[in-house]
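Since the structure comes first, as structure tokens, the remarks are kept for the end.
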Amino acid sequence: MKSSGIGGMAVIEGVMMKNKSEYAVAIRKPDNTIEVKKDVYVGLGERVGIFKLPILRGIASFIDSLSLGMNTLSYSAEFYEDAPGEKKDGGNDSDKDIDKNKNGGKDNIVMGITMTIAIIIAVALFVLLPFYIMELLKGQITSQIARSIVEGVIRLVLFILYVRAITLMQDIKRVYMYHGAEHKAINCVERGYELTVENARKQTKEHKRCGTSFLLYVVLLSIIFFAFINVGQVWLRMVIRILLVPVVAGVAYEFIRLAGRTDNVIMNILSKPGLWLQGLTTTEPDDEMLETAIAAVEAVFDWRGFQSGNVHLNHLHVDDSDDEVIPAGEDEINDSFPKRTSAFEEVLFDEDDEDDEILKALDKFFEMGDDEENDSK
């Protein structure tokens with residue numbers, strides 16, 4: 001299975017899908033129709049060159065995800081601000097545009113405040129609270145490494161309890177169903193199936209590049225990072241922990257990114273904890289949710305072009321007798337798909353090309369060093 005590079009998130013009664021700087025939000029409106037909004041979001045990595053570097057690009061991606069996520073959640077909520085089942089009466093299009101322009105600045109300020117408060121609460125709950133608990137137990141556990149491990153276990157338990165608690169909310173249950181629809185649509189594309197409701201329904205609702213996995217590995221990696229903080233002052237240990245959170249997030253991002261593009265035994269085993277936790281944050285969607293997720297994918301991603309350039313993806317046909325999706329044999333795949341990389345793939349995976357160029361440059365540099373050494377001899 002080859003990574004498509006697209007990602008997304010579930011919103012209120014809908015799905016957002018993002019492909020590079022383009023994103024689309026598909027919302028199942030109260031009248032049961034699907035509205036798709038397509039727009040452009042230029043992230044930190046595209047605006048500031050330094051955020052293309054490893055680790056730093058993970059920090060930038062996390063910030064972009066928060067910003068775009070709040071924006072798309074706010075947009076999806078506009079369709080359901082009135083009583084359940086009633087369509088919001090927003091007037092004609094011109095009135096909506098005027099109201100949007102008037103309230104745009106105010107909404108951005110409120111969104112920024114909300115994001116700041118959410119980050120402060122997360123840091124307090126998952127970083128400072130476990131640290132404070134371990135300070136109280138300092139007399140019982142004398143080893144610094146042991147305290148760090150116990151602190152990490154407390155943080156992990158708090159995180160899992162938090163995830164479990166919000167699953168009890170009725171509105172969140174539907175969001176988690178759309179989360180499952182998002183994963184199924186992406187899995188359908190990346191495994192080479194034609195993107196239909198029938199094929200998407202058969203896919204797994206877990207995905208290695210999920211944000212749930214990312215957050216879990218932030219918690220797990222923090223155990224390792226914080227174990228090396230050995231300073232006397234309590235306030236300084238606390239400050240260092242807070243400052244290390246973006247670094248841990250950057251490393252977790254690199255792991256998730258690698259896991260999503262690697263399909264070997266080791267990475268599959270290491271990805272298991274994240275996939276298990278997704279059992280709490282994803283639920284089997286209905287066909288209407290799958291249809292909504294597919295609409296979001298097709299608005300920003302040429303999945304047919306992606307599949308036609310990948311010889312390892314399954315060329316499928318449907319057996320009408322039992323409606324099962326059947327992959328073609330290996331010979332049929334090789335005959336059906338030319339052994340080449342499409343122009344679309346070259347654009348989609350341009351980060352790989354950049355990495356290859358860097359490696360080639362390093363190889364050339366060391367080869368020049370070897371030649372000079374041989375000449376001197």
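All heavy atoms count here, side chains included; hydrogens, waters and symmetry mates do not.
With hydrogens and angles disregarded, a donor-acceptor distance shorter than 3.5 Å links the side chain of S308 to the backbone of G305. Remark: the backbone N or O of S213 is not paired with any side-chain donor or acceptor of Q278 at under 3.5 angstrom. Checking side-chain atoms of S74 against main-chain N and O of N71 turns up no donor-acceptor pair under 3.5 Å. Judged by distance alone, with hydrogens and angles left aside, the side-chain atoms of S76 form a donor-acceptor pair with the main-chain N or O of I12 at under 3.5 Å. Checked by atom type and distance alone, the side chain of N264 pairs as donor or acceptor with a backbone atom of M267 at under 3.5 Å. Checking side-chain atoms of T72 against main-chain N and O of L68 turns up a donor-acceptor pair under 3.5 Å. Using modelled atom types, no side-chain atom of N230 and backbone atom of Q144 make a donor-acceptor pair closer than 3.5 Å. With hydrogens and angles ignored, the 3.5 Å screen pairs no side-chain donor or acceptor of K52 with any backbone N or O of R57. Put simply, the side chain of N19 never gets that close to the backbone of I6: no donor and acceptor are under 3.5 Å apart.
K37 forms a cation-pi arrangement with Y75, by the criterion of a distance under 6.0 Å to the ring centre and an angle within 45° of the ring axis.
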### Query
Can you check side chain to side chain contact (heavy atoms under 4.5 Å, CB included) on K18 and V300, steps first, answer last?
CA-CA 7 Å; K18 186 173 184 293; V300 293; over 6 Å; no
### Task
Start with the C-alpha gap between F306 and F301, add the side-chain angles, then the distance that decides, and say whether ring pair (Phe, Tyr, Trp, His ring centres under 6.0 Å) holds.
CA-CA 9 Å; F306 168 74; F301 189 71; 5.7 Å; yes
### Message
Let's go through K29 and E35 carefully: what are the C-alpha distance in whole Å and the side-chain angles of both, what is the deciding distance for salt bridge (charged side-chain N to carboxylate O under 4.0 Å, His left out) to 0.1 Å, and is it a yes or a no?
### Response
CA-CA 7 Å; K29 298 197 297 183; E35 177 155 323; 3.3 Å; yes
### Task
Check step by step if side chain to side chain donor-acceptor pair (under 3.5 Å) holds for E194 and T196.
CA-CA 6 Å; E194 183 180 357; T196 64; 5.8 Å; no
### Query
Going through the distances and angles, do E13 and Y178 end up as a side chain to side chain donor-acceptor pair (under 3.5 Å)?
CA-CA 7 Å; E13 294 299 323; Y178 275 103; 3.1 Å; yes
### Task
Kindly indicate, with the supporting measurements, whether the criterion side chain to side chain donor-acceptor pair (under 3.5 Å) is fulfilled by D31 and T33.
CA-CA 6 Å; D31 62 4; T33 60; 2.6 Å; yes
### side chain to side chain contact (heavy atoms under 4.5 Å, CB included) between E288 and N32, intermediate numbers included
CA-CA 9 Å; E288 290 186 350; N32 207 37; 3.3 Å; yes
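In the displayed structure, L258 atom CG is contacted under 6.0 Å by more than 12 heavy atoms of other residues, nucleotides or ligands. Taking a 6.0 Å sphere around CG of N268, one finds it holds more than 12 heavy atoms contributed by other residues, nucleotides or ligands.
Within the model, atoms CZ of F159 and OG1 of T212 stand 7.0 Å from one another, a figure rounded to the nearest 0.5 Å. Separation of atoms CE (M134) and CG (L129) is listed at 12.0 Å; rounding is to 0.5 Å. The CG atom of L195 sits 5.0 Å away from atom SG of C188, with the distance rounded to the nearest 0.5 Å. The OG atom of S271 sits 6.5 Å away from atom CD1 of I256, with the distance rounded to the nearest 0.5 Å. Atom CG of L280 is separated from atom OG1 of T283 by 9.0 Å, given to the nearest 0.5 angstrom. One distance of note links CG of L161 with CD1 of I166; it measures 12.0 Å at 0.5 Å rounding.
A 4.5 Å side-chain heavy-atom check between F131 and F226 finds every atom pair outside the cut-off. Within the 4.5 Å cutoff, side-chain heavy atoms of F255 are placed close to those of L270. The closest side-chain heavy-atom distance from V11 to I27 is below 4.5 Å. In this structure the side chain of F62 never reaches within 4.5 angstrom of the side chain of Y253, judged on heavy atoms. By the 4.5 Å heavy-atom criterion applied to side chains, K208 and D263 are counted as neighbours. With contacts defined as side-chain heavy-atom distances shorter than 4.5 Å, the pair I154/V150 qualifies.
No continuous path of hydrophobic side-chain contacts links L125 to I120 [ILVMFWY only; heavy atoms under 4.5 Å]. Using a 4.5 Å cut-off between side-chain heavy atoms of Ile, Leu, Val, Met, Phe, Trp and Tyr, with links allowed through other members, V251 and I224 fall into the same hydrophobic cluster. At a threshold of 4.5 Å between side-chain heavy atoms, the hydrophobic network of Ile, Leu, Val, Met, Phe, Trp and Tyr places V163 and L168 in two separate groups. Note on V36 and V197: separate hydrophobic clusters, where clusters join Ile, Leu, Val, Met, Phe, Trp and Tyr whose side-chain heavy atoms are under 4.5 Å apart, directly or indirectly. The hydrophobic cluster containing L66 also contains V219, counting ILVMFWY residues as joined when their side-chain heavy atoms lie under 4.5 angstrom apart, directly or transitively.
Nearest approach of T292 to V15, heavy atoms of both residues: CG2-N, 4.4 Å. When all heavy atoms of A60 and G45 are compared, the pair lying nearest together is CB-N, 4.3 Å. Listed here is the closest heavy atom pair of M17 and I186: CE-CG1, 3.9 Å. Here the closest non-hydrogen pair linking A296 and A24 is O-CB, 3.8 Å. The two residues I172 and T167 have their closest heavy-atom pair at CG2-CA, 4.4 Å. In plain terms, the two heavy atoms of H183 and C210 that are nearest each other are CE1-SG, 3.4 Å.
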Could you list the donor-acceptor pairs under 3.5 angstrom formed by side chains in residues 236-249, with sequence neighbours left out?
unit_1: R237; atom_1: NH1; unit_2: V231; atom_2: O; d: 2.9
unit_1: R237; atom_1: NH1; unit_2: G232; atom_2: O; d: 3.1
unit_1: R237; atom_1: NH2; unit_2: E135; atom_2: OE1; d: 3.2
unit_1: R237; atom_1: NH2; unit_2: E135; atom_2: OE2; d: 2.5
unit_1: R241; atom_1: NE; unit_2: E151; atom_2: OE2; d: 3.0
unit_1: R241; atom_1: NH2; unit_2: E151; atom_2: OE1; d: 2.8

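Between Y41 and Y23, the angle of the ring planes goes over 60°, which puts this pair in the perpendicular group of the 30/60° scheme. Under the 30°/60° scheme for interplanar angles, the aromatic rings of Y176 and H179 are found to be tilted. Classification of the F126-Y162 ring pair by plane angle, with boundaries at 30° and 60°, yields perpendicular.
Under 4.0 Å is where a charged nitrogen must lie from a carboxylate oxygen, and between E291 and R28 at least one such pair does.
A salt bridge (charged side-chain N to carboxylate O under 4.0 Å, His left out) with E284 is found for exactly one of R201, K202, K184, K205, namely K184. A side chain to side chain donor-acceptor pair (under 3.5 Å) with E190 is found for exactly one of Q203, R209, Q307, namely R209.
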